[in-house]
Amino acid sequence: MPIKVSVVIPVYNPGGYIEDCIASLLRQSLPDDEYEAIFVDDGSTDETPERLDRLAAEYPHMHVIHQEGSGWSGKPRNVGMAAAKGEFIQFVDNDDWLGDEALERMYDYGVANGADVIVGKMAGKGRPVPRELFRKNRPYANVENAPLIDSLTPHKMFRKEFLDKYDLRYKEGRRRLEDHVFVTEAYLRADNVAVLSDYVCYYHVKREDASNAGFQRFEPVGYFNNLREALDVVEELTEPGPLRDRLFRRWLRNEMVERMRGQRLLKLPADYRQELFDQIHKVVVERFGPGVAAGLPTTQRIVADLIAAGRLADVEEFARWESQVKPSGILDDLAWVDGKLTIGYTAEYKSGGEPVRFRIAGGKDLLVPPLTQAGPDAVAPLGADTPAPLAKSKVDLVIKDRATAAEFFQPVEFTREKIPVTGRQGHFRHVFRATSRVDPLSAANGAALDAGIWDVFIRITSCGWTKDTRLGAVRGEEAGQGRRAAVVGSPARLFLPFWTDPHGNLSLEVEQQTDRIAYEFAGLTSADVTVTTDPGRLTVALPFHVQGESEASLKLTDAARSRSVALHGTLSALGSGEAELRTDLPLEDLAGARWRLELVLPSTADGKPVALPLALDVRADGGVVVKRLPSAVRKPARRRSGFPGAALLRRAAGRLRRTLKK
């Protein structure tokens, strides 16, 4: 079979971090004879070379090339490209990993859309990744119709014929931003770029020791000289005007302004801060016309203007104020409606616990930071005349997989309100009132949510801030039905909203991850069960939201005689946020014993049934008697650790606690 994809991995002293990368490559859904992995060992001095040799000896589609250390990842990537036999080349770093279906999905998507470059959705494990780019699938993207320029890391799939046509190669040697130069040129030369957003293809990982090359402090002069090379590519391949300004704005925003904001700036030593500011100032005044900064949001524009004016002290003062600005969100209501979890919430930005204020002047909305410039060389208050286009502000609801960090935007409807500030004439707060609807069967950009715990965040984009906050729990009766479990789809799938402990934030459990669901049944009483004997039928009212009808069954267990009976039935909506399960009741088979009740949903996403014990038992002896169990579930049990020796450690800890009490 021809090789569809060659995966190129530059390697230098990754230690154990490479194991996740290797495992993800071996798990790929693409057949082994349709892809290859090329590890280019760039002079590693740890045990990695021997590990890769063993891997290559065991798996014919795993290859390793050893070379003397070059100092950076450019040369090993070029060496890997030269050795690649695939139709496409995917670049992966040695401490990151791929989704199990990444290569197959990206290849098929790229071929179907005639793409020279395929950008797969990324998830950040401890490090930031682009967000807006992956809001939706973009089969035909370019730098004008999509925010491609926000993603300049090399972790993408490139058509090899395209790379060879333009002799696209990485700059070599110990340097920074070689991936910016390579990817920017690829974007600008490609006939089409396809963005795949409905599956997490790439997991971008921050090491626990933060030893990734990108997290190391750099030497400012060399760094910004390398940055100028990326600007040179833009100047070569675009005409002066709005597009070039917009592309340049990416480097002004991400590599310059963002380094001069909040705690990111204030944590730097004073001498390094000055050196960094001086180099940024040089690039801004040498390379950027007025149209570049003019398109920035309010707070970024303020910082950019201060950089251009050489006002480091004011940049630092503004950073001190910005470091206190945080998003705030309140959950107002929660309900299941037609199989969707409907979430109402209020959001705004606050600084030091107080709402961020705005004012109106000359028909424009202006930000009011509590800052002034004093002294004999006094100038206007910081940001006093910089417009805040609040009409472009927005709020989103995002759900994030706790285990993988995969995140997906949810539909949202919102309004903006200007609320006057008491005692501040002409000042107002800017507040969002929003409603989002989470459809568990399509919440992952059209696909169903994977089994797991999904945390709920709101994301406020306004005035140059884009920040997340968890959505806190509502504390009233209006949320009672909304926090109930839902059974949706066919085969049935189980979803449970819950409040986290101890912070009380909203999360969603997809399929049964814990025994938390048992708490939902703790309040069942015999009044929730009705029995008719002609014909024999048993109906159980359950605290569920049900969309449509689902097959389910009751399992009746006679523990005394070690026997059980499965009563198959239909789970359907009962109204008032509840559901009912109706089953035939074979009275003659139940006589003479007491039976424990257990609800069984026959199928879930992983093919395993969900069995939920009910706090009731039933007895059929000259009639049917249903009773509440004396030891009903009171709270969800914590999931115990499954690592080897965990039970032994728990027992030892218990003995220690008992000894201390004595």
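Note that the numbering runs from 1 along the sequence shown for the chain.
- Leu148 places a side-chain heavy atom less than 4.5 Å from the side chain of Leu133.
- Residues passing the ring pair (Phe, Tyr, Trp, His ring centres under 6.0 Å) test with Phe277, sequence neighbours excluded: none.
- With sequence neighbours excluded, the residues forming a side chain to side chain contact (heavy atoms under 4.5 Å, CB included) with Arg261 are Val257, Glu258, Thr299, Gln300, Val303, Glu322, Trp465, listed by chain and number.
- Inter-residue side-chain proximity for Phe248 and Glu235 is flagged as met; some heavy-atom pair is nearer than 4.5 Å.
- Here the closest non-hydrogen pair linking Val183 and Leu152 is CG2-O, 3.6 Å.
- Here the side chain of Arg459 pairs no donor or acceptor atom with the backbone of Thr466 at under 3.5 angstrom.
- Residues satisfying the ring pair (Phe, Tyr, Trp, His ring centres under 6.0 Å) criterion with Phe432, sequence neighbours excluded, are Phe414, His430.
- Between Arg135 and Asp396, at least one side-chain N (NZ, or NE/NH1/NH2) sits under 4.0 Å from a carboxylate O, which counts as a salt bridge.
- Residues passing the side chain to side chain contact (heavy atoms under 4.5 Å, CB included) test with Asp150 are Pro147, Arg250, Arg253, sequence neighbours excluded.
- For the pair Thr153/Met122, a side-chain contact is recorded, criterion being any heavy-atom separation below 4.5 Å from C-beta on.
- Residues Glu172 and Lys75 are not paired through a salt bridge, judged by the lack of any N-O separation under 4.0 Å between the basic side chain and the carboxylate.
- When all heavy atoms of Ile460 and Pro327 are compared, the pair lying nearest together is CD1-CB, 3.8 Å.
- Side-chain contact check for Val92 versus Phe39: every heavy-atom pair is 4.5 Å or farther apart.
- With sequence neighbours excluded, the residues that form a side-chain hydrogen bond (donor to acceptor under 3.5 Å, both in side chains) with Asp164 are Lys160, Arg169.
- Separating the NE2 atom in His281 from the CG atom in Leu276 is a distance of 13.5 Å, to the nearest 0.5 Å.
- When atom types are taken as modelled, the side chain of Asn113 and the backbone of Ala115 share no donor-acceptor pair closer than 3.5 angstrom.
- Taking all atoms of both residues into account, the shortest heavy-atom contact from Met81 to Val8 is N-CG2, 4.1 Å.
- No donor-acceptor pair closer than 3.5 Å links the side chain of Lys121 to the backbone N or O of Asn137.
- His61 pairs by the ring pair (Phe, Tyr, Trp, His ring centres under 6.0 Å) definition with Tyr35, not counting sequence neighbours.
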* **Test log, rule side chain to side chain contact (heavy atoms under 4.5 Å, CB included), inputs Lys326 and Lys350** => CA-CA 5 Å; Lys326 302 189 184 319; Lys350 294 185 177 182; 5.9 Å; no
* Asked: How far apart are the C-alpha atoms of Leu237 and Tyr187, what are their side-chain angles, what is the distance that settles it, and do they pass the side chain to side chain contact (heavy atoms under 4.5 Å, CB included) test?
  -> CA-CA 10 Å; Leu237 298 176; Tyr187 283 160; over 6 Å; no
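- His66 and Asp53 share a donor-acceptor pair across their side chains, judged by distance under 3.5 Å alone.
- Annotation: side chain of Asp198 is not in contact with side chain of Phe408 (no heavy-atom distance under 4.5 Å).
- Atoms CH2 and OH, on Trp72 and Tyr12 in that order, are 11.5 Å from each other to the nearest 0.5 Å.
- The environment of CZ in Arg174 is sparse: at most 12 heavy-atom neighbours from other residues, nucleotides or ligands sit within 6.0 Å.
- With rounding to the nearest 0.5 angstrom, the CE atom of Met256 is 8.5 Å from the CD1 atom of Ile307.
- Both tests do not hold together for Arg176 against Tyr223: distance to the six-membered ring centre under 6.0 Å, angle to the ring axis within 45°.
- Rounding to the nearest 0.5 Å gives a distance of 11.5 Å between CG of Asn142 and CD1 of Ile149.
- Here Arg301 pairs with Asp305 under the salt bridge (Lys or Arg N to Asp or Glu O under 4.0 Å) rule; sequence neighbours left out.
- With sequence neighbours excluded, the residues satisfying salt bridge (Lys or Arg N to Asp or Glu O under 4.0 Å) with Glu286 are Arg228.
- Atom-to-atom distance recorded for Thr404:OG1 and Tyr203:OH is 4.0 Å, nearest 0.5 angstrom.
- In plain terms, the two heavy atoms of Pro387 and Pro389 that are nearest each other are O-CD, 3.4 Å.
- For Asp455 and Arg470, the salt-bridge test passes: some basic side-chain N is under 4.0 Å from an acidic carboxylate O.
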* To do: Evaluate the side-chain hydrogen bond (donor to acceptor under 3.5 Å, both in side chains) criterion for residues Thr45 and Asn13: first the C-alpha distance (whole Å), next the side-chain angles of each, then the deciding distance (0.1 Å), finally the verdict.
  => CA-CA 6 Å; Thr45 58; Asn13 285 356; 3.0 Å; yes
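- With sequence neighbours left out, Glu36 forms a side-chain hydrogen bond (donor to acceptor under 3.5 Å, both in side chains) with Ser6, His63.
- Heavy atoms only, all atoms of each residue included: Asn192 and Gly114 are closest at CB-O, 3.8 Å.
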* To do: Output, in order, the C-alpha distance, side-chain angles, deciding distance and verdict of side chain to side chain contact (heavy atoms under 4.5 Å, CB included) for Thr238 and Leu247.
  => CA-CA 10 Å; Thr238 66; Leu247 298 180; 4.1 Å; yes
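- With a 4.5 Å cut-off on side-chain heavy atoms, Cys463 and Leu390 count as touching.
- Contact check for Leu265 versus Ser323: no side-chain heavy atoms found under the 4.5 Å cut-off.
- Between His180 and Val233, every side-chain heavy-atom pair lies at or beyond the 4.5 Å cut-off.
- Within the structure, every pair that satisfies the salt bridge (Lys or Arg N to Asp or Glu O under 4.0 Å) test and touches residues 271-282, not counting sequence neighbours, is listed here: Arg273-Glu316.
- A cation-pi contact, defined as under 6.0 Å to the ring centre and within 45° of the axis, is absent between Lys156 and Phe182.
- Within the model, atoms CZ of Arg105 and CG of Leu98 stand 13.5 Å from one another, a figure rounded to the nearest 0.5 Å.
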* To do: Begin with the C-alpha distance, continue with both residues' side-chain angles, and end with the deciding distance and a verdict on side chain to side chain contact (heavy atoms under 4.5 Å, CB included) for Phe218 and Asn226.
  => CA-CA 12 Å; Phe218 56 79; Asn226 292 155; over 6 Å; no
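- Checked by atom type, the side-chain pair Tyr202/Gln90 shows no donor-acceptor distance below 3.5 Å.
- For residues 177-197, every residue pair satisfying the salt bridge (Lys or Arg N to Asp or Glu O under 4.0 Å) rule, not counting sequence neighbours, is listed here: Arg77-Glu178, Glu185-Arg189, Arg189-Glu236.
- For Glu50, the CD atom counts as densely surrounded, since its 6.0 Å shell holds more than 12 non-hydrogen atoms of other residues, nucleotides or ligands.
- Atom NZ of Lys165 sits in a sparse spot, with 12 or fewer heavy atoms from other residues, nucleotides or ligands closer than 6.0 Å.
- With sequence neighbours left out, Tyr272 forms a ring pair (Phe, Tyr, Trp, His ring centres under 6.0 Å) with no residue at all.
- Summarising the geometry of Pro220 relative to Gln279, their closest heavy-atom pair is CB-CG, 3.8 Å, with the distance given to 0.1 Å.
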* Test Asp468 against Arg131 for salt bridge (Lys or Arg N to Asp or Glu O under 4.0 Å), laying out the working first. => CA-CA 12 Å; Asp468 295 353; Arg131 291 167 166 174; 3.2 Å; yes
